[in-house]
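What follows is one structure encoded as C-alpha cells, with my remarks underneath.
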Amino acid sequence: MTGPAVPFREIVLKVHSRCDLACDHCYVYEHADQSWRTRPRTVSDHVISRTAQRLAEHAKTHALPSVSVILHGGEPLLAGPARLRKICEEFGSALSGVAELDLRIHTNGLQLSPRYLDLFDEFDVKVGISLDGDRAANDRHRRFADGRSSHPLVLKAVELLHQERYRHLDLGLLCTIDIENDPHAVLDALVALEPPLIDFLLPHATWDEPPPRPDGSGTAYADWLLTIYDRWRERGSPVPVRLFASVLSTLSGGPSLTESMGLAPTDLVVVETDGQLEQVDSLKSAYEGAAATGFDVFSHSFDEVAAHPGVRARQLGLAGVSETCRRCPVVRSCGGGLYTHRYSSADAFDNPSVYCRDLEALVRGIEARTEAHPAVTDHGELVDAQQDLTRTLLARLHADLGGRGGARWDEAWELAGVLESSEEGAAALDHVLAHPYTRTWLLEALGGLRAARPEAVDEALRLPAYVAAATVRSGLALTARAGYRDGRLHLPTLGELRVAGEGEHGTVLLRPAGDGFVARRDDGGGQWRIPHGADGPDWSPVRHLGRPPFALDDLDPYRDCFGSPAASRLGRAEADEWEAGLAEAWALLEREAPSHAAAAADTMTTLTPLTAGQHAERPHGYGTIGLTSTDDAKRLALELLGGFRRTTLRALLDITDLYASDGAWNYRPHWQDGSVPFSRLLAETYERAALAALDPRFMDGVEEALDMMGSAAEPTAGGRWFITALREEVSRTQDKWAE
C-alpha cells in the first residue's frame, strides 16, 4: 500500500459496553465477535484521559481543523451523567486551542432525561436516536430482554429532545432496515417526528451470514428503499435522508455522504472501554477479532493505528474494492458497499458487497427517477452562465488583491460601478467582460496572486484597460484612465494604440467622441482621435469579418492560449485572405451542418489566427476559436467545427460536472492507438460526432465510444443525459449519410 495514511477525523468512544435492550439484529451482542463479554462495563478515567491526549496529539500533528468524538456503546447513557461529564470536560480541555471539537452521542433513548440533555446542552453534544419506524416495525427487533416494547419510551425521548430548549441538539433518527416492515408505514412514522435527518442502515451481514430475503429476491432491499424513495418524493422530500442524499450527490459528481457507500477513505477509529484501539465497529459482524488492531491508547498513537493494514485497506478508494466492483458502472456511487458486507471466509474482503445487487438497483433506480441534465441545455444559457462565471472571477480578483491594486485599481473599479448604473454602460461592460480572453487574464492574475509571483499585482492592473474599452463602447460622457506598456495601449475588443516608444510606460485618458474616441497621454505627450474600426498610423483596430460575423483578433495579449501559438498582427492582404477563406468554409458549414453553424453563429464572437507548432493550452472564455489554415475550405470548416465543439465542452465543464473520478479507468477508442482517460474519450467523441456531419469518416468508432461511456463509472447523472443526447445527434447524422 502506497501513500501516506489518512488521518482520523472521527473517533468512536465506547463509554459503556452493555445495553438495556436485547435487539436481535445488534452487531455488538448478536454477531460473530463476542469480545464485549471480557471488557469493562464503563470506560475508566485513565482511558478517557489517554484517549483525549492521543486525539489532541493527532489533531495537532495533522493540523486538523476539527475532530468528531462519538459516544457509543452498548448504550452510552448507562455510563451515567457524571461519567459523560468527565468525558466532555477531558476532551474539551485537551482539544482547546488545537482543533474544534464536535461531540455526538448515539443512543436508544430509553434513559434520556432532562439531566442528560442539560449536560449535553452545556457541552453542545448532539444526540442521534435509533428508531426503526412505527411500533410494529420497531418492536420486530428493538425489545427488552423480557419481550416488552421499547417504542413508547423512544417516542418520549424524541419528544423530549424536540423541546425548544433541546431541539438544537437533535442529530436525527437512525433506522435499521427490515424488509418485512411496511416501507410506507416506516417512513410516515419517522417523518411525523420531524427529525432533522433520517439515516437508513442496511442490517449487517456477510457472504457467510447473508441478510434474510424472505421472497428470495436479489434486490429486495433496493425495492424496499425505492418504495420509500418514491413515497419520500411524493411527500415533497419533507426530511433529509442521508442515503438518498449520498446517491444523488455521487450521481452529480459530488462526494459520498455516508460510510456505507462511496469510495472516500475511512477516517474513523474505535476506542473500546478498556482502551483497545479497533477498526470500524461493524467488522464485529464478520468474525471474532476482525476489528482488532492489537493497539491501545496507552502505548500507541493514532498514527500507528492509521498505518495498520486493515485500516489502510479501507483507505484505498477504487484500488481497495474487488475486481468485479472496479468494472461496475455504479461503483462511484456504491463504493463497493460497506467494507464489512464484503466479507466471506473464502476470500476475506475481496468480494462485492453481499448487498451488491441491491446497491446497483438502488443507484440505478434513483438515477432513473432523477431528471438529470447538465446545468444548461442550450447555447444561450451557456453564454449567460459563462458571463456569470467571469463576473464571479472578477469579484474574486478584487477580493484577493485586498487593496494592493492601489489608486489605479480603485479608480477603475469605481468607474465600472458607474458604467453598471446605466443601460448603455452595463451593456458595454458586459460586452468587454464576455470577450473570451478576459477569462484568460482573470485566471492568470488570480493564479499569480495565489502563487505570490512578483508581477501578479501588475498583471491584475490591466483592469483599467478593460474598463476604458467599456467606457469607449458605451458612448457615455465619461473619462477613463488606462496604463500603456512598452509604448502601446491595448483596449480589449477594440484594438491597440501606439502612444510612445518601446520601453516607455505611462497612462492615457480616454473618452468617447462621436463615432470613435479621443485618447490623450496623461503627461501631455500626445493626443489622438480614433474613429471606430478605421486603421491609422498609430491605431490598429480589431478587424471584423462580414461573413461569418466574427472578430478576427490578432492583437489581444492573452490570445496565445490555444494548442498552437497565435500569429502576430496580420497584414491587410493576409487579413483579406482569411476573410475570403472563412467565408468559403462558413458556406460549406451552413450547407452540410446547418444546426452546428447556427449554434456557432449565435455564440462565437472571436477567431484568432494561429501558427504551426504546439504548446500547452491555457483556459479561455466561451466564444473563441483558434485557426491555423485558410487555403482549404473543408479543412478550415473542420477546424471551425472542431474548435467550436472543444470550446463548448470546456465551457460546459466550467459550470457543471459531467464526470468524476477521471483517470481511474482508461479506454481505447477505435480511432487511435493507446488508452485515454474518460475526459479525453468524451472530448474526442463529442468533437468527432460533429465533424462527422462534414465527413462521415469521423463516425468511425464513435458508436463504440458511446457504448464505452454509457457503461462507464465516471459519468454523473448529467453526464449520462449528455451522452444520451450525443447518441441522438449521432443517429441524426447517420440518417443524413444514409439518404
Side-chain angles (χ1 to χ4, degrees), residues 9-21 41-45 47-49 51-53 55-56 59 64-131 142 150-175 190-199 238-240 242 268 270-271 273:
R9 291 173 171 80
E10 184 172 279
I11 71 165
V12 173
L13 177 63
K14 296 299 192 75
V15 301
H16 201 280
S17 64
R18 305 297 189 268
C19 189
D20 45 2
L21 283 180
R41 286 179 177 269
T42 308
V43 66
S44 68
D45 286 355
V47 170
I48 295 169
S49 177
T51 304
Q53 291 171 17
L55 182 58
L64 301 179
S66 64
V67 290
S68 294
V69 177
I70 301 172
L71 309 182
H72 215 281
E75 171 46 52
L77 293 183
L78 291 177
R83 178 67 44 192
L84 294 176
R85 174 175 289 278
K86 174 72 173 176
I87 292 169
C88 295
E89 290 175 342
E90 285 279 354
F91 278 90
S93 175
L95 273 298
S96 179
V98 176
E100 184 178 344
L101 175 61
D102 173 24
L103 281 167
R104 304 180 175 206
I105 190 166
H106 288 172
T107 172
N108 60 32
L110 303 186
Q111 305 291 325
L112 201 63
S113 66
R115 65 174 181 162
Y116 282 110
L117 287 173
D118 288 341
L119 170 67
F120 298 156
D121 183 36
E122 181 181 347
F123 291 97
D124 197 28
V125 182
K126 303 297 192 298
V127 182
I129 295 179
S130 297
L131 178 66
R142 295 188 182 277
S150 66
H151 189 258
L153 291 175
V154 180
L155 290 188
K156 285 185 179 180
V158 174
E159 183 180 354
L160 178 61
L161 183 58
H162 284 185
Q163 289 183 8
E164 190 61 34
R165 58 180 173 155
Y166 301 132
R167 195 169 183 92
H168 65 286
L169 301 175
D170 191 5
L171 270 180
L173 300 173
L174 291 81
C175 174
L190 297 177
V191 168
L193 297 174
E194 299 181 347
L197 179 72
I198 297 172
D199 210 351
V239 174
R242 191 197 305 273
L268 178 149
V270 177
V271 182
T273 55

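Throughout, residue positions are numbered sequentially from 1 according to the sequence presented. Just so you know, these numbers come straight off a predicted model, no measurement behind them.
- Partner Val158 forms a side-chain contact (heavy atoms from CB on, under 4.5 Å) with one of Val127, Ile129, Leu190 and no other, that one being Ile129.
- The shortest side-chain heavy-atom distance between Leu101 and Val69 falls under the 4.5 Å cut-off.
- Here the CG-CD distance, from Leu173 to Glu194, works out to 11.5 Å after rounding to the nearest 0.5 Å.
- Atoms CG and NE2, on Leu155 and His162 in that order, are 11.0 Å from each other to the nearest 0.5 Å.
- Here the closest heavy-atom approach between residue Gly109 and residue Thr107 is recorded as N-OG1, 2.8 Å.
- Between Val43 and Val271, the closest side-chain pair of non-hydrogen atoms is not below 4.5 Å.
- Arg83 contributes atom CZ, which lies 8.0 Å from atom NZ of Lys86 (distance to the nearest 0.5 angstrom).
- Looking only at distances, a side-chain donor or acceptor of Thr51 sits under 3.5 Å from a matching main-chain atom of Val47.
- Listed by chain and residue number, His72 satisfy the ring-ring contact (aromatic ring centres under 6.0 Å, His included) test with His106 (two or more places apart in sequence, or in another chain).
- In this structure, Leu119 and Pro81 approach most closely via the heavy-atom pair CD2-O, 3.6 Å.
- From Leu169, atom CG reaches atom NZ of Lys126 across 6.5 Å, with rounding to the nearest 0.5 Å.
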Kindly indicate, with the supporting measurements, whether the criterion side chain to side chain contact (heavy atoms under 4.5 Å, CB included) is fulfilled by Asp118 and Arg165.
CA-CA 9 Å; Asp118 288 341; Arg165 58 180 173 155; 4.0 Å; yes
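- Taking a 6.0 Å sphere around CZ of Arg167, one finds it holds more than 12 heavy atoms contributed by other residues, nucleotides or ligands.
- Within the 4.5 Å cutoff, the side chain of His16 has no heavy atoms near those of the Thr273 side chain.
- Taking every heavy atom of both residues into account, Thr42 and Ala79 meet most closely at CG2-CB, 4.2 Å.
- Other residues, nucleotides and ligands place more than 12 heavy atoms under 6.0 Å from the CD atom of Gln163.
- Taken from CG in Leu103 to CZ in Phe123, the straight-line distance is 9.0 Å, to the nearest 0.5 Å.
- Pro240 pairs by the side-chain contact (heavy atoms from CB on, under 4.5 Å) definition with Leu197, not counting sequence neighbours.
- Defined by atom type and a distance below 3.5 Å, a donor-acceptor pair is missing between the side-chain atoms of Glu89 and Ser93.
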Using side chain to side chain contact (heavy atoms under 4.5 Å, CB included), reason through Ile105 and Leu77 one step at a time and then give a plain yes or no.
CA-CA 9 Å; Ile105 190 166; Leu77 293 183; 3.8 Å; yes
- Query: Going through the checks in order, is the side chain to side chain contact (heavy atoms under 4.5 Å, CB included) test met by Leu268 and Val12?
  - Reply: CA-CA 7 Å; Leu268 178 149; Val12 173; 3.9 Å; yes
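- Contact of the Pro76 side chain with the Val15 side chain is registered, since non-hydrogen atoms from C-beta on lie closer than 4.5 Å.
- Across all their heavy atoms, Gly80 and Tyr116 have their closest contact at CA-OH, 3.4 Å.
- Here the side chains of Phe91 and Leu13 are in contact, with some heavy-atom distance below 4.5 Å.
- For the 3.5 Å distance criterion, the side chains of Asp124 and His168 fail to qualify, holding no donor opposite an acceptor.
- For the pair Leu131/His151, a side-chain contact is recorded, criterion being any heavy-atom separation below 4.5 Å from C-beta on.
- Annotation: side chain of Cys88 is not in contact with side chain of Phe120 (no heavy-atom distance under 4.5 Å).
- Side-chain contact between Leu171 and Arg104 is present, with heavy atoms from C-beta onward closer than 4.5 Å.
- Here the straight-line distance linking atom CD1 of Ile48 with atom CD1 of Ile87 works out to 4.5 Å at 0.5 Å rounding.
- The minimum heavy-atom distance linking Ala59 with Ala99 is given by the pair CB-CB, 4.1 Å.
- One N or O on the side chain of Glu75 and one on the backbone of Asn108 form a donor-acceptor pair closer than 3.5 Å.
- What you find for Pro195 and Val239 is that their closest heavy atoms are O-CG1, 3.3 Å.
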